[in-house]
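Working notes for the structure below.
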Amino acid sequence: MNNKIKLSLLAAGVLLAACSTPNKLGLLRDLEYNLPFDASAAPELTLKVDDRITVQVFSDEPALAAPFNTISVTDVETADLLTVTYGVDVRGDIDFPVLGTIHVEGLTLKQVQDEIARQIRDRGYIKDPVVKAELVNFTITVIGEMGSLLLPVEGNSINIFQVLAQIDSKSTENSKLPDVMVVRTEDGKREAYSMNLQSKDIFNSPVFYLQQNDIVYVQPRGLRLSSGGDAFVQVFAPVASAIASVAYILIWTAR
């Protein structure tokens, strides 16, 4: 093969490589159809320092529940409908009306409900109290290629796919799906976890189900595409054109 043909093939190869666009990365690429695998239930959230919860106490006799629902009540008939928010302090405690200090850090919401109901019952205030506790500051921070937002969560569980589904799906083609980072704070320490959205192993990740105040970072995948959806026009086209021109000149000067 003479030099002219070699140079022509080289120029064509450069142009083809430059014109090609990256394949879109799919999710769960190793998942097989009709092949069941273990699925873990969403773990119950446990309370942490700086969490905020609402607590309501109900009773067949509203006047008995009133002191537990607000510090000062003027209408005992509606007192059981009032909602008070309590912050978990640095010791992991809340200051609850009548009962005083209650340690809640590390407890689930159900355990908090059971503990408050137990103390109300054991101290003889209400025979059969009903307690409802809810977490009001369950938020997930999302940053990186798929957008940046503070995402409030309704309910007590959310997984990584449910979070990403609420972000602009068009940005996934620019995202580094094999390496999504989740930063979690526990016991006063932060730890970063890597998640591969292309593998079914993600379902076994300790951060598949997110917790309050988790940070999700979706990293960019190499060159960022322009708003038109094609980085070739901005970067590769001029380079490929220059290489092709040089190759063309070499071909004809070698004649």
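When a residue number appears, it is its place in the shown sequence, counting from 1.
- Residues meeting the side chain to side chain donor-acceptor pair (under 3.5 Å) test with Asp89, sequence neighbours left out: Arg91.
- The closest donor-acceptor contact from the side chain of Thr108 to the backbone of Gln111 lies under 3.5 Å.
- Side-chain contact between Pro97 and Tyr86 is present, with heavy atoms from C-beta onward closer than 4.5 Å.
- Taking CD1 of Ile140 as the start and CG of Leu210 as the end, the distance is 4.5 Å to the nearest 0.5 Å.
- With rounding to the nearest 0.5 angstrom, the CG atom of Asp60 is 8.0 Å from the CG atom of Asp128.
- Note that CD1 of Ile120 is 16.0 Å distant from NZ of Lys127, once rounded to the nearest 0.5 Å.
- Between Phe203 and Phe37, the ring-plane angle classifies as tilted under the 30° and 60° cut-offs.
- Scored by the side chain to side chain contact (heavy atoms under 4.5 Å, CB included) test, Thr141 finds Ile143, Leu150, Ile215 as partners (sequence neighbours excluded).
- For the atom pair CG of Leu45 and CG of Leu107, the computed distance is 13.0 Å after rounding to the nearest 0.5 Å.
- With hydrophobic clusters built from ILVMFWY side chains whose heavy atoms lie under 4.5 angstrom apart, Leu135 shares a cluster with Val131.
- Going from atom CD1 of Ile126 over to atom CZ of Phe68 covers 5.0 Å, rounded to the nearest 0.5 Å.
- Contact of the Leu64 side chain with the Tyr125 side chain is not registered, since no non-hydrogen atoms from C-beta on lie closer than 4.5 Å.
- Cluster membership check: Val112 does not share its hydrophobic cluster with Val136, using side-chain heavy-atom separations under 4.5 Å among Ile, Leu, Val, Met, Phe, Trp and Tyr.
- Taking OG1 from Thr85 and CZ from Arg52, the interatomic distance works out to 5.5 Å, rounded to the nearest 0.5 Å.
- Residues satisfying the ring pair (Phe, Tyr, Trp, His ring centres under 6.0 Å) criterion with Tyr209, sequence neighbours excluded, are absent altogether.
- Residues passing the side chain to side chain contact (heavy atoms under 4.5 Å, CB included) test with Glu134 are Thr54, Lys132, sequence neighbours excluded.
- Among residues two or more places apart in sequence or in another chain, the side chain to side chain donor-acceptor pair (under 3.5 Å) test is passed with Gln119 by Glu115, Arg123.
- For the residue pair Ala117 and Pro129, the shortest heavy atom distance occurs at O-CG, 3.7 Å.
- For the residue pair Asp93 and Thr101, no side-chain donor N or O sits within less than 3.5 Å of a side-chain acceptor on the partner.
- Between Met195 and the choices Val216, Val182, Val218, the side-chain contact (heavy atoms from CB on, under 4.5 Å) rule is met once, by Val182.
- Each salt bridge (Lys or Arg N to Asp or Glu O under 4.0 Å) pair with one or both residues in residues 183-204, not counting sequence neighbours, appears once here: Arg184-Asp214.
- In the hydrophobic clustering of this structure, Leu109 does not group with Val49; members are Ile, Leu, Val, Met, Phe, Trp, Tyr whose side-chain heavy atoms approach within less than 4.5 Å, directly or through other members.
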Evaluate the criterion side chain to side chain contact (heavy atoms under 4.5 Å, CB included) for residue pair Phe58 and Asn69; output intermediate values, then yes/no.
CA-CA 9 Å; Phe58 299 91; Asn69 290 315; over 6 Å; no
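- The environment of CD in Gln162 is crowded: more than 12 heavy-atom neighbours from other residues, nucleotides or ligands sit within 6.0 Å.
- Tracing side-chain contacts under 4.5 Å through hydrophobic residues (I, L, V, M, F, W, Y), one reaches Phe161 starting from Leu151; they form part of the same cluster.
- By the 4.0 Å N-to-carboxylate-O rule, Asp114 lies close enough to Lys110 to be salt-bridged with it.
- Residues Tyr193 and Val207 come closest through the heavy atom pair CD1-CG1, 3.5 Å.
- By the 4.5 Å heavy-atom criterion applied to side chains, Leu197 and Ile202 are counted as neighbours.
- No option in Asp50, Asn137, Thr139, Asp51 other than Asp51 meets the side chain to side chain donor-acceptor pair (under 3.5 Å) test with Gln212.
- Nearest heavy-atom pair, Val57 versus Ala65, reported as atom, atom and distance to 0.1 Å: O-CB, 3.4 Å.
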Given Tyr217 and Val183, is the side chain to side chain contact (heavy atoms under 4.5 Å, CB included) satisfied, shown in steps?
CA-CA 8 Å; Tyr217 173 47; Val183 180; 6.0 Å; no
